[in-house]
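Take a look at the structure below.
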Amino acid sequence: RGAGPSPTLGYETIANWALGSDDEDAFVAAVLADQPEPPRYFAEMKRINKVGPRTLHGVSRPMKLPASHLRELIAAGAPIIDTRNASNYALAHLPGTINIPLGKTFTTWAGWLVSYDQPFYLIAADATAHAIDEALRDLAMIGLDRVAGYFGADAVATSSGAATRVTSIPQITADELASMRASPTRGTTAADLVLIDVRGRSEWDAGHLAGARHIPLGYLAERVRDMPHGTPIVVQCQGGARSAIAASLLEAQGFTSVTNLAGGIAAWAAAGHPVERENSAAHSSPDSSHRAA
């Protein structure tokens with residue numbers, strides 16, 4: 001065979017965009033364009049990959065704690081992650097807990113929102129041993145192995161007391177939100193209602209609600225510290241899943257008037273309400289390539 005250039009390499013030179021730039025800065029910018037925000041646990045994973053995890057012999061299950069102990073931990077400000085699904089949490093939960101449902105995105109948001117530096121507690125997704133074991137395994141995979149104990153799902157109902165009453169997170173439909181923004185209730189104005197979009201940057205650029213504040217979920221806790229706690233807040237994402245987590249996070253930080261937009265911006269656009277794009281207005285739904293919940 002001859003020593004000429006490979007046909008495959010020749011084709012890539014013509015068709016592969018990555019081989020079409022001689023400028024390193026332009027190449028890096030193109031690679032990083034529209035990438036989602038990197039979860040904070042990525043930096044921790046670099047450390048773990050270098051020095052190794054604390055747990056070397058498998059994941060051990062921490063002690064299941066009595067429901068009465070849950071009240072004490074909430075009063076002490078201990079981090080408590082409720083792994084039940086968003087609908088169950090919205091219907092009944094204990095204020096001070098954060099809802100990160102056990103599922104495909106569990107490790108992503110746990111890695112964003114749970115501190116690596118202090119012990120934390122879990123509320124099981126259901127009564128089976130499998131649920132807590134799955135949560136522990138997934139958390140250990142990203143180095144979150146400081147689980148100090150866990151509670152059964154029934155602890156939410158049975159631990160309610162005078163200091164920790166079970167509460168719910170209101171849900172609002174797209175039509176209800178549109179009506180509320182057009183005709184505020186007596187004594188309030190549209191400006192009194194804060195709408196927070198917790199999606200990623202590329203999703204926001206593809207389309208968002210007019211007047212919304214863009215705060216990606218991973219940065220929400222630190223960026224709302226100076227917001228008055230009496231402010232009525234509606235949280236919104238693409239389909240309602242991330243905003244449900246956001247609602248629990250805001251409530252745990254002391255915000256008492258938090259509502260979740262059911263179905264997110266997808267439901268808003270489907271109902272025919274206007275969606276704006278960065279630097280221009282549009283009356284269509286966001287780019288279909290962004291379908292994360």
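Side-chain atoms are counted along with the backbone in the values below, which use heavy atoms only and exclude waters and symmetry mates. Note that this is a predicted model, so its numbers are computed, not measured.
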Heavy-atom check, side chain of I196 versus side chain of L220, under 4.5 Å:
yes
Indicate the ring-plane relationship of W268 and H273, choosing parallel, tilted or perpendicular according to the 30° and 60° boundaries.
tilted
How close do A267 and A262 get, heavy atom to heavy atom, and via which atoms?
CB-O, 3.7 Å
Hydrophobic clusters here meaning ILVMFWY residues chained together by side-chain heavy-atom distances under 4.5 Å, can you tell me if W204 and I233 are in one?
no
Nearest heavy-atom contact between A86 and P101 is N-CG, 3.9 Å
Judged by atom type as modelled, is there a donor-acceptor pair below 3.5 Å linking the side chain of S179 to the main-chain atoms of E176?
no
Can you measure from CG (L122) to CG (L102) and round to the nearest 0.5 angstrom?
9.5 Å
Could you tell me whether the side chain of H208 reaches within less than 4.5 Å of the side chain of E203, counting heavy atoms only?
no
Heavy atoms, side chains only, cut-off 4.5 Å: are V147 and L136 in contact?
yes
Test side-chain hydrogen bond (donor to acceptor under 3.5 Å, both in side chains), reference D197, set R213, Q236, H214, output is Q236
Pairwise side-chain contact, L113 with I245, heavy-atom cut-off 4.5 Å (strictly under)
yes
Are W109 and L217 close enough that some pair of their side-chain heavy atoms sits under 4.5 Å apart?
yes
Quick check: is I100 connected to L91 through a chain of hydrophobic side chains (ILVMFWY, heavy atoms under 4.5 Å apart)?
no
Answer yes or no: is there a donor N or O on one side and an acceptor on the other, between the side chain of R146 and the main chain of Y116, under 3.5 Å?
yes
Rounded to the nearest 0.5 Å, what separates atom CG in D133 from atom CZ in R61?
4.0 Å
Salt-bridge present (R201, D205; N to O < 4.0 Å)
yes
When every non-hydrogen atom of G149 is compared with those of L65, the smallest separation belongs to CA-CD1, 4.0 Å
Kindly indicate, with the supporting measurements, whether the criterion side chain to side chain donor-acceptor pair (under 3.5 Å) is fulfilled by D175 and T173.
CA-CA 5 Å; D175 288 341; T173 67; 5.6 Å; no
How long is the span from the CZ atom in F151 to the CG atom in D82, to the nearest 0.5 Å?
11.0 Å
Distance in Å, L70 CG paired with T97 OG1, rounded so as to fall on 0.5 Å steps:
8.0 Å
To the closest 0.5 Å, what do you measure between CD1 (I81) and OG (S248)?
8.0 Å
Heavy-atom pair of closest approach, residues F255 and P228:
CE2-O, 3.6 Å
Quick one: does P79's side chain get under 4.5 Å of Q118's, heavy atoms only?
yes
Can you hop from I215 to V194 via hydrophobic side chains spaced under 4.5 Å?
yes
Take L261 and Q171 through the test side-chain contact (heavy atoms from CB on, under 4.5 Å) and record every step on the way to the result.
CA-CA 6 Å; L261 176 59; Q171 309 293 304; over 6 Å; no
Gap separating the CG atom of L94 from the CD1 atom of I80, nearest 0.5 angstrom:
8.0 Å
V114 with L249, same ILVMFWY side-chain cluster at under 4.5 Å
yes
Which heavy atom of V198 sits nearest to which heavy atom of C237, and what is that distance?
CG2-CB, 3.8 Å
Taking the side chain as everything from C-beta on, heavy atoms only, tell me whether L177 gets closer than 4.5 Å to L209.
yes
For side chain to side chain donor-acceptor pair (under 3.5 Å), just list the numbers for S243 and N260, CA-CA rounded to whole Å, side-chain angles, deciding distance to a tenth of an Å, and then say yes or no.
CA-CA 6 Å; S243 57; N260 183 36; 2.4 Å; yes
V258-M227 co-clustered via ILVMFWY side chain contacts under 4.5 Å
yes
Assess, by modelled atom type and distance only, whether the side chains of H93 and E251 contain a donor and an acceptor separated by less than 3.5 Å.
yes
F106 side chain near T83 side chain, heavy-atom distance below 4.5 Å
yes
Full working for side chain to side chain donor-acceptor pair (under 3.5 Å) between Y89 and S168
CA-CA 7 Å; Y89 183 90; S168 60; over 6 Å; no
In terms of heavy-atom contacts, L139 and A110 come closest through CD2-CB, 3.7 Å
